[in-house]
Every structure is written in C-alpha cells, then in structure tokens.
Amino acid sequence: GIQVEQSPPDLILQEGANSTLRCNFSDSVNNLQWFHQNPWGQLINLFYIPSGTKQNGRLSATTVATERYSLLYISSSQTTDSGVYFCAAASDTGGFKTIFGAGTRLFVKA
Amino acid sequence: ETGVTQTPRHLVMGMTNKKSLKCEQHLGHNAMYWYKQSAKKPLELMFVYNFKEQTENNSVPSRFSPECPNSSHLFLHLHTLQPEDSALYLCASSQDLGPGTDTQYFGPGTRLTVL
C-alpha cells in the first residue's frame, strides 16, 4: 500500500519565523490532506489538496502530485501554531485506503 | 466547539466487556469517520460512512463494529478488545466526500483503556 513520510519529525521555531513541512508519498493519490492537532488533542483539517496550491491566512499548501510530495508553509509563526501536523494520502491502488504520516511536531517559542 | 460531540470522553473496560462509543454531529453533514490514535503509531482512519453507507474500511478487526443509523449519528461497538486497542478514538464529519466539501470537523475523542 501507499507509504507516507513526513519531515522533519520535530521542529522548534521562534515566534515570527517561517517554516516548511514536507510530506512524501510513494504512489499516486486521489486525495492529500493536512491536519493540525493542538497540544490539547483537538484535530483540525487544514487543507484538502490532491494537487496545486491553496492558501488560508498564514498557512498555504502545495502538492506536486507528479513528484509525489506536498509542502505545508507556515509564515509568521505564532505560539498557537504549536502542535503536530499530519498529512494523509488516499489512494485507490490495491483498494481505497487513507494512510497518515507520523507527523511533524512543531513548537513555537514566544 | 466543532459541532461534533463524542461520548463518553473516557472509558475503561476489560477484555471481555462490550461497550459502545457514540458520536453525534450537529452540522448537517452527510459523511462521518472513525479514527484511532495510538501512542506509538500514526493516526489511522478506521471507517468512513457517507449517507449512512460505509465507503471505507481500513482492514479493521471485527472486534470493532461500526453503526451509522442516520447521517447525524455514528457508533463504534466494541467487544473482546485487547490491551493494544487502548487509544484515543476520534470521530469526524464532513459535508460530503467530494472535493471542496470534505473538510472534516473533529470531535474531542474518547480515551479508551483496555485492561
């Protein structure tokens, strides 16, 4: 089945800094999503982005499906951006299945 | 408050017990999801329902039995669980499954401990 790898596993930023999180996937995908889980466990769906670029405030995401990767950009980071960022890829190769990466744990220092 | 509620928030059960987790969404959505989040494994999507019909089952053991009586409610029936099933079980809903409509809204989760 499809494999999903995220990098870096951990990231510490100073408030105001920018960052790029990466998600590599091993097969063509029908669906690619980014999620944020805050330190209290609440999970939020950030982007549905099987291809192209989307922006939502200080966050944007780009998926290059032909090269099998997606990037999540965080600009002017804030302490509330701390938490774990997951990407999830869905493929119908070998039966439809959604696979999550292990996540990038982000800590933004004030 | 995301509009998705889950009960109970915490559950401790023995391996021979039968229990059920409940999820309710107040958003008028048509699709609902069960996820499992274990301490040392990536988040796992377990089941997807759209208009009460199951559309995805990610090879989940039969000791987990989902039920979706209507688009607003989703249950996860548990029986004969193992200690490794201890995890946070998250429910989510989305408007539909199509592009642009499947932003998911998550509940707070049920923390399950199997003794």
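In the text below, chain A, chain B and the rest are named by the order of the sequence lines, each starting its count at 1.
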Which distance, rounded to the nearest 0.5 Å, do you find between the [atom1] of [X] and the [atom2] of [Y]?
{"X": "Thr103(B)", "Y": "Asn56(A)", "atom1": "OG1", "atom2": "CG", "result": "9.5 Å"}
{"X": "Tyr35(B)", "Y": "Leu43(A)", "atom1": "OH", "atom2": "CG", "result": "7.5 Å"}
{"X": "Ile99(A)", "Y": "Leu45(B)", "atom1": "CD1", "atom2": "CG", "result": "8.5 Å"}

Exercise. For the candidates Leu43(B), Leu88(B), Leu90(B), which exhibits the highest count of non-hydrogen atom pairs separated by less than 4.5 Å from chain A?
Worked result: Leu43(B)
Problem set entry | Gln54(B), CD: over 12 other non-hydrogen atoms inside 6.0 angstrom |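 Check passes, neighbour count above 12.
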Exercise. What do you reckon, is CD1 of Ile12(A) surrounded by more than 12 foreign heavy atoms closer than 6.0 Å?
Worked result: no
Hydrophobic cluster membership, with links at side-chain heavy-atom distances under 4.5 Å among I/L/V/M/F/W/Y: are [X] and [Y] in one?
{"X": "Leu81(B)", "Y": "Leu11(B)", "result": "yes"}
{"X": "Ile44(A)", "Y": "Ile49(A)", "result": "yes"}
{"X": "Val4(A)", "Y": "Leu11(A)", "result": "yes"}
{"X": "Leu21(A)", "Y": "Leu32(A)", "result": "yes"}
{"X": "Leu78(B)", "Y": "Phe47(B)", "result": "yes"}

For this session: Please examine the side chains of Gln37(B) and Phe86(A), heavy atoms only from C-beta on, and report whether any two atoms are closer than 4.5 Å.
Result: yes
Problem set entry | 4.5 Å side-chain heavy-atom contact, Val48(B) and Thr98(A) | no
Problem set entry | N/O donor-acceptor pair under 3.5 Å between Gln42(A) side chain and Phe106(B) backbone |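 It does hold such a pair.
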Exercise. So, for Gly101(A) and Pro42(B), which heavy atoms are closest and what is the spacing to 0.1 Å?
Worked result: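 The answer is O-CB, 3.8 Å.
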Exercise. With a 4.5 angstrom heavy-atom cut-off, which part of Phe47(A) approaches chain B: side chain, backbone, both or neither?
Worked result: neither
Exercise. For Phe35(A) and Gln104(B), what are the C-alpha separation, side-chain angles and deciding distance, and is it a side chain to side chain contact (heavy atoms under 4.5 Å, CB included)?
Worked result: CA-CA 9 Å; Phe35(A) 299 82; Gln104(B) 294 174 44; 4.3 Å; yes
